[in-house]
*Asks:* 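Let me give you the structure first, and then I'll get to my questions.
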Amino acid sequence: REFWEFVIATPPVLAFTHEMKAMEDLLRTGLRDPRSSLYEFWLLRALDHKKFSCFQRVCFLTCEVFSLLFVLAVVPSSLFDYYFIVVLLYGLHYLLMEVWRLLG
C-alpha cells in the first residue's frame with residue numbers, strides 16, 4: 001500500500017493515517033481534477049477485480065494460466081525451425097570458409 005501511495009503521490013496527510021480506507025476511495029480519477037494522474041487511472045482499473053466474486057476470480061486466473069501454458073508450449077516449438085536454419089547457415093558458412101582456406 002505504501003508503494004502505491006508513493007507512486008500516485010498521495011499527500012503525506014493521507015499516506016500516514018492509521019485508519020484503513022479503501023484504496024479506490026483515495027484515488028483522484030476525476031477528469032476535471034488537476035491532481036489526477038494516469039497512474040491513478042491504471043491503479044483504479046487494476047483494482048476493479050475486487051468487485052468480482054471469488055468464483056469469477058478463480059475462473060479468470062484459470063484462463064490466464066491456460067493462456068500462459070499455451071504460449072509456453074507454442075512459442076518454443078515455432079522457434080525450433082528458426083534455430084535449425086541459423087545452425088544450418090552457420091555450418092554452411094563454416095564449411096565454405098574451410099574450403100576457401102584449403103583452396104586459397
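The structure displayed is predicted, hence computed values, not measured ones.
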*Asks:* With a 4.0 Å cut-off, would you call Asp48 and Lys51 a salt bridge?
*Replies:*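 A salt bridge links Asp48 with Lys51.
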
*Asks:* Could you see if Phe84 belongs to whatever hydrophobic cluster contains Val74? Use Ile, Leu, Val, Met, Phe, Trp, Tyr and a side-chain cutoff under 4.5 Å.
*Replies:* no

*Asks:* For Lys50, does its backbone N or O pair with a side-chain atom of Arg57 as donor and acceptor, under 3.5 Å?
*Replies:* yes

*Asks:* So, taking the atom named CG in Leu92 and the one named CE in Met97, what distance separates them when rounded to the nearest 0.5 Å?
*Replies:*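 The distance works out to 9.5 Å.
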
*Asks:* Distance from Glu64 atom CD to Leu61 atom CG, nearest 0.5 Å?
*Replies:* 8.0 Å

*Asks:* Classify the ring geometry of Tyr90 against Tyr94: parallel below 30°, tilted from 30° to 60°, perpendicular beyond 60°.
*Replies:* parallel

*Asks:* About how many Å separate CG of Leu68 and SG of Cys63, when rounded to the nearest 0.5 Å?
*Replies:* 13.0 Å

*Asks:* State whether the side chain of Gln56 and the backbone N or O of Ser53 hold a donor-acceptor pair below 3.5 Å, judged by distance alone.
*Replies:* yes

